[in-house]
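Inspection log for the structure reproduced underneath, given as structure tokens.
When reading the values below, keep in mind they use all heavy atoms of this one structure, side chains included, and skip hydrogens, waters and symmetry mates. Residue numbers count from 1 along this sequence.
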Amino acid sequence: MTKRRNYTREVIAQRAAAYQAYRDHQGDEHDRPPMLRVMAGVGPGLPVAYEPRSKSDPLPWVEYNGDTGIGNWRYSGRQCWTAPVEKHNEIIAQQTIARSVYRRLAAAGIACEGWGDSAGTHARYTFADNSEVTWSGTDLYGAEVSNHHPIGEHGSLGAHWMQQEQHPYLEELPDFATGNYATDSAALVAWMIGLADRHGRRYQEHATEEDTDAALAWQQATGGFIATAADCLRYRFYPVDGRGTPAGSPGENWLAAYEVATPVFFQQPTGTTH
């Protein structure tokens with residue numbers, strides 16, 4: 001009796017072997033063997049993620065919607081195949097790990113901007129109180145730390161928030177590393193929204209027009225506050241929290257703003273040393 005093939009195991013093994021050959025290559029760059037990704041679906045297909053719901057899940061491969069971060073379709077190993085990784089591929093560009101995170105954050109009034117190179121290796125956002133966060137992903141091999149790889153190769157998401165405007169300096173470095181894109185990306189989005197609620201949303205000069213418009217639509221729909229460049233020149237913003245709650249504060253998740261645009265001068269006695 002012919003042994004039943006395990007198609008999922010085969011494509012995973014092919015992908016792993018191709019990555020190892022790519023990593024071990026010592027010759028000319030042009031002769032380097034390509035890495036492989038697992039594809040499924042109609043036509044040329046889309047990259048799919050191996051996210052089984054159980055040990056015996058008959059449909060362990062997931063095709064995600066690149067704009068929403070929702071897994072729309074599931075496939076068996078028999079329905080999947082491997083294809084060489086291409087550096088320039090419009091279909092893959094619509095499936096990057098960052099795309100749906102950008103969209104979901106913009107819908108919550110947070111329009112991030114790309115950072116690191118012209119393609120936006122990382123994402124960055126500066127809050128109204130001048131604290132800053134960067135975030136990016138790591139692929140399933142742990143080889144690429146960026147926002148360029150597709151959801152099907154998601155390994156983890158990580159972020160770094162820091163506040164260096166006032167003592168004590170603070171930072172957070174959370175990792176969202178279950179390996180499940182839906183879970184990790186939703187956790188990153190929720191964490192970012194929590195930061196924005198506390199430290200204040202702010203207009204980002206280099207965010208895309210699409211994300212900026214979505215953030216402004218959030219502002220109009222909710223009446224929420226997004227600080228402009230002029231606001232940040234005029235005021236210093238501080239989160240209202242346990243570290244320094246001004247008298248008359250309405251409570252947490254508010255910003256306290258102090259005028260800084262007009263300088264105030266104090267005359268020093270003659271001979272004062274500095």
Side-chain angles (χ1 to χ4, degrees), residues 8-24 33-40 45-55 57 59-75 77 80-87 89 91-105 112 114-117 119-124 133-161 172-192:
T8 285
R9 187 178 299 168
E10 288 179 15
V11 293
I12 289 177
Q14 291 169 14
R15 180 173 66 182
Y19 169 71
Q20 192 63 46
Y22 180 90
R23 180 178 176 181
D24 294 343
M35 290 191 289
L36 298 178
R37 56 175 47 118
V38 180
M39 311 287 284
L46 288 172
V48 287
Y50 179 61
E51 294 178 356
R53 295 161 292 188
S54 67
K55 288 184 178 180
D57 188 351
L59 302 172
W61 297 92
V62 187
E63 176 190 318
Y64 276 90
N65 182 307
D67 288 321
T68 65
I70 296 173
N72 289 338
W73 304 98
R74 283 191 164 268
Y75 300 94
C80 298
W81 65 91
T82 56
V85 171
E86 301 175 29
K87 290 186 179 293
N89 187 319
I91 293 176
I92 305 306
Q94 297 170 16
Q95 281 276 314
T96 59
I97 57 162
R99 186 180 177 94
S100 82
V101 177
Y102 273 103
R103 298 293 181 270
R104 283 177 277 174
L105 288 174
C112 294
W115 179 68
D117 63 16
T121 302
H122 309 282
R124 178 171 64 181
V133 65
T134 58
W135 57 267
S136 63
T138 301
D139 68 12
L140 56 85
Y141 301 112
E144 180 178 273
V145 180
S146 80
N147 286 331
H148 295 164
H149 50 275
I151 294 171
E153 290 157 28
H154 165 71
S156 66
L157 291 165
H160 181 201
W161 170 81
E172 295 180 25
L173 293 100
D175 284 318
F176 308 97
T178 68
N180 180 289
Y181 179 75
T183 299
D184 294 344
S185 61
L188 171 61
V189 169
W191 179 74
M192 285 281 294

Which atom names give the shortest non-hydrogen contact between Y141 and A16, and what distance separates them? OH-N, 4.3 Å
Can you give me the closest heavy-atom contact between P150 and I97, atom names plus distance? O-CG2, 3.7 Å
Report the residues that fulfil side-chain hydrogen bond (donor to acceptor under 3.5 Å, both in side chains) with Y50, sequence neighbours left out, ordered by chain and then residue number. none
Here the pair of heavy atoms bringing V62 nearest to G71 is CG1-CA, 3.8 Å
Would T8 and C80 count as a side chain to side chain contact (heavy atoms under 4.5 Å, CB included) if you check the C-alpha gap in whole Å, the side-chain angles of each, and the deciding distance to 0.1 Å? CA-CA 8 Å; T8 285; C80 298; over 6 Å; no
Kindly indicate, with the supporting measurements, whether the criterion side chain to side chain contact (heavy atoms under 4.5 Å, CB included) is fulfilled by L36 and V85. CA-CA 5 Å; L36 298 178; V85 171; 5.8 Å; no
Rounded distance [0.5 Å steps], CG in D67 versus CZ in R104: 10.5 Å
Does some side-chain heavy atom of L46 sit less than 4.5 Å from a side-chain heavy atom of Q95? yes
Closest heavy-atom pair and its distance - L173, H160: CG-CD2, 3.6 Å
Look at the side chain of Y64 and the backbone N and O of A182, then say whether any donor-acceptor pair between them is shorter than 3.5 Å. yes
Between CZ of R23 and CE of M35, what distance do you get to the nearest 0.5 Å? 11.5 Å
Hey, is CZ on R53 packed in by over 12 heavy atoms from elsewhere, all under 6.0 Å? yes
Counting N and O atoms only, with roles assigned by atom type, does the side chain of E51 sit under 3.5 Å from a partner on the main chain of Y181, one being a donor and the other an acceptor? yes
Is there side-chain contact between S100 and N65, with at least one heavy-atom pair below 4.5 Å? no
Looking at W73, I'd like to know if its CH2 atom is crowded, meaning that more than 12 non-hydrogen atoms belonging to other residues, nucleotides or ligands lie closer than 6.0 Å. no
Would you say M192 and W135 make side-chain contact, with heavy atoms under 4.5 Å? yes
Just by modelled atom types, is the V11 backbone N or O under 3.5 Å from a matching donor or acceptor in the R15 side chain? no
Please answer whether the main-chain N or O of L59 pairs with a side-chain N or O of D57 as donor and acceptor at a distance below 3.5 Å. yes
Can Y75 and M39 be said to form a side chain to side chain contact (heavy atoms under 4.5 Å, CB included), step by step? CA-CA 10 Å; Y75 300 94; M39 311 287 284; over 6 Å; no
Let me confirm one number: the CZ-OG distance from R99 to S185, rounded to the nearest 0.5 Å. 14.5 Å
Side-chain contact, heavy-atom cut-off 4.5 Å: W191 with V133? yes
Tell me whether D184 contacts the main-chain N or O of T178 through its side chain, where contact means a donor paired with an acceptor under 3.5 Å. yes
Show the numbers, then the answer: is there a side chain to side chain contact (heavy atoms under 4.5 Å, CB included) between D175 and L157? CA-CA 6 Å; D175 284 318; L157 291 165; over 6 Å; no
Taking only residues two or more places apart in sequence, or in another chain, which ones meet S156 in a side-chain hydrogen bond (donor to acceptor under 3.5 Å, both in side chains)? none
Residue of the set Q14, E10, R37 for which side-chain hydrogen bond (donor to acceptor under 3.5 Å, both in side chains) holds with T82: Q14
To the closest 0.5 Å, what do you measure between NE2 (H148) and OG (S136)? 10.0 Å
Atom CD1 of I151 and atom CD of E63: how far apart are they, to the nearest 0.5 Å? 10.0 Å
Between N147 and A123, the two heavy atoms sitting closest are ND2-N, 3.4 Å
